[in-house]
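Reviewing the structure listed below.
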Amino acid sequence: MSPKKKGPKDDAVKYPQDRRQALWIRSSLLVPLCLLVLISFALAWGRYLLFGLPFIHVYSLAELHLSQVNPGFPAWLRLTHFANFLLMLLIIRSGLSILWDHPRLYGNVHCTPGTEWIRFTPTKVPTDRLYTANDDQRYLSPWLGLPGFRHTVGMARHWHFLSDLLWIAFGLAYVVMLFVSGHWERILPTSWQILPEAWATFVYYATFHLPPEPDGFYRYNALQQIAYFAVPFVLAPLSILSGIAMSPSVDNRFPWYPKLFGGRQGARSLHFLVLVGYVAFIIIHVLLVFATGSLRNMNHIVMGRDDTQPIGLILGLVGIAAVAAACFAAHWLSWNRPHAVQVAAKHTSGAALTRWLDPLKPRAEYRREDISAHFWPNGELPTSDEWKALEASDFKEYRLRVHGLVENPVELSLDDIKAMSKREQTTMHHCIQGWSGIAEWGGLPFTELMKLVQPSPDARVVAFYSFGESHSGRQYYDTHTIANLQHPQSLLAYEMNYAPLGPVYGAPLRLRVENQLGYKMVKWIQSIEFIASEKDVGEGYGGVKEDEEYFDLIADI
Ligand SMILES: Nc1nc2c(c(=O)[nH]1)N[C@H]1C(S)=C(S)[C@@H](COP(=O)(O)O)O[C@H]1N2
Ligand SMILES: [Mo]
């Protein structure tokens, strides 16, 4: 199973020479964290050595039978647990693939290199040469990531969002049934008594003892109950809400929303910390299931029975094998039917997200003081003689050709464009890789260009062609709906941070479409074509990133 080959250039992207893995955490965070863990363990050991293991009330069967709640593991619980097992694996593994595309997490929206609190790369960002966000992507083993390898963020996002949708559906079903059935009493802590009990239970685990268990068929121990409560009622909502806070259409429409999480990067960091929480939970949960009687426990969750027959374990292992097979199938599809996955996502998760997010009109503006000192560059500088010659003469000879389904096709010089009306805006850029940055942009509102060229009624989409190339060496292009180009913040920018747009950032002209992710904002624009449908250009998926890397046609999140 290997990625579909598009040529040596693309190969070099997916299989880089440098596949080292590294983890670095800022010591001002690592030290207190380690201290916290050490102190908790020290306290537990102190308690154990000085006073022995704490008393924990052991419920007799008679007492357990007194509970109002029906005991056991009903079918809805077993089903949602199994679905969750599969979906969490897909979500976590695709999430890692996404993270490895920009393997740094920050507390600030500027993503200034060196300010990250954690990084998953051995590379320090060089300052003596052009180093783009694409250069910074890391390789991830496909055993860990879905789909893994390097720069597979487009495919990873399809699995992430497709699984999210199902995971939320099963999660809601679980919560509804929990309350309908009365089983919430087993999960929701209702008395403060749970805290001292949880501490007592922790003393057992921390000193390598198993606490006296109530039968899990009837009752969970205090720590277990807290964990089973926290995962669906704390971690899950946090991951959904922080995920939404990374969307350009949400953030640039409701700038207060990401601020709740400390900005887009705070949200991204939290999203990752929740992942760490899930992984820690899964590891401990699985270990304890096996340590405390795998036969009985597996019968509980697989069969809903409270005995020690081997059937639950056997069927459970079959279930685990099925989940592993599903993971392999996801990889197979990723490499052998990538466009099918892309199209499936477009009509399901993508359609849902577009429906909710695309109507949000971007309007957030930042202050001059907010401008990022470092703005990650992306994409490869054009190498064509045509662009180099234009650049050498300050784009005096540049002509922007606007054509296609328009009444009045034009060829405009940079001076012509500058002579038309100008808008300035200071906005936040959202890259699909996860980084962000704030910059001032000045340029021609796209609606002004539309007034000039008069699109015909059958023009629905606009294609922007670049002087630059894609990873595999094809011309970079992307398309937008006319609706998204009609926002006041949709610009053809020739100015960045109050200076003429530099070569690295897209000179002479680049797009700003603030409710979309960065890859939609074509740099080094050569020409613009009004078309009926994105299917009419390139491979028909809406852009070179969509054609080659299976990115989404509409990029609201
Ligand atoms: N021609 C061209 N335009 C491009 C790209 C590219 O590779 N080629 N990269 C896109 C991506 S992924 C991003 S995030 C932004 C980056 O813009 P910046 O360099 O100003 O940060 O440009 C977009 N436009
Ligand atoms: Mo990007």
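The structure displayed is predicted, hence computed values, not measured ones. Every number for a ligand or one of its atoms is a count from 1 in the order of the listing.
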One finds that the ligand 1 atoms under 4.0 Å from a non-hydrogen atom of Gly379 are 6 (C), 7 (O)

Parallel, tilted or perpendicular: which fits the ring planes of Phe551 and His151, with parallel below 30° and perpendicular above 60°?
-> perpendicular

Sub-4.0 Å atoms of ligand 1 with respect to non-hydrogen atoms of Cys431 | 14 (S)

In the protein, what heavy atom is nearest to atom 19 (O) of ligand 1, and what distance, to one decimal place, separates them?
-> Lys523 NZ, 2.4 Å

Quick one: look up the protein heavy atom nearest atom 16 (C) of ligand 1 and list residue, atom name and how far away it is.
-> Asn378 CB, 3.6 Å

Per-atom contacts of ligand 1 with Pro377, taking only distances under 4.0 Å to non-hydrogen atoms = 19 (O), 21 (O)

Considering only heavy atoms of Tyr519, which atoms of ligand 1 have at least one such atom less than 4.0 Å away?
-> 10 (C), 11 (C), 12 (S)

In terms of residue, atom name and distance, what is the protein heavy atom nearest to atom 21 (O) of ligand 1?
-> Trp376 O, 2.6 Å

Which ligand 1 atoms, with their elements, are less than 4.0 angstrom from a heavy-atom of Met521?
-> 4 (C), 22 (O), 23 (C), 24 (N)

When rounded to the nearest 0.5 Å, the distance separating NZ of Lys396 from CG of Asp415 is 7.0 Å

ring-ring contact (aromatic ring centres under 6.0 Å, His included) partners of Tyr139, counting only residues at least two apart | none

Run the contact test for Arg510 against ligand 1 with a 4.0 Å cut-off on heavy atoms, strictly below, and give the result.
-> yes

Test applied, side-chain contact (heavy atoms from CB on, under 4.5 Å); reference residue, Arg138; option that passes from Asp101, Thr121, Leu99 = Thr121

Would you mind running through ligand 1 and noting each atom that sits below 4.0 Å from a heavy atom of Trp435?
-> 14 (S), 21 (O)

Closest to atom 10 (C) of ligand 1 among Phe551, Trp524, Tyr476, Trp441 (heavy-atom distance) | Tyr476

Aromatic contact, Phe120 with Phe272 (centres under 6.0 Å) | yes

Heavy-atom gap His429 to ligand 1 smaller than 4.0 Å | yes

What are the atoms of ligand 1, with element, lying closer than 4.0 Å to any heavy atom of Ser466?
-> 1 (N)

Relative to the ring of Trp387, is the ring of Phe395 parallel (under 30°), tilted (30 to 60°) or perpendicular (over 60°)?
-> tilted

Can the positive tip of Lys418 be found less than 6.0 Å from the middle of the six-membered ring of Tyr494, inside 45° of the ring normal?
-> yes

Which atoms of ligand 1 have any heavy atom of Tyr505 under 4.0 Å away?
-> 18 (P), 19 (O), 20 (O)

Ring centres under 6.0 angstrom apart (Tyr476, Tyr519) | no

Is the Trp376 ring parallel, tilted or perpendicular to the His102 ring (thresholds 30°, 60°)?
-> perpendicular

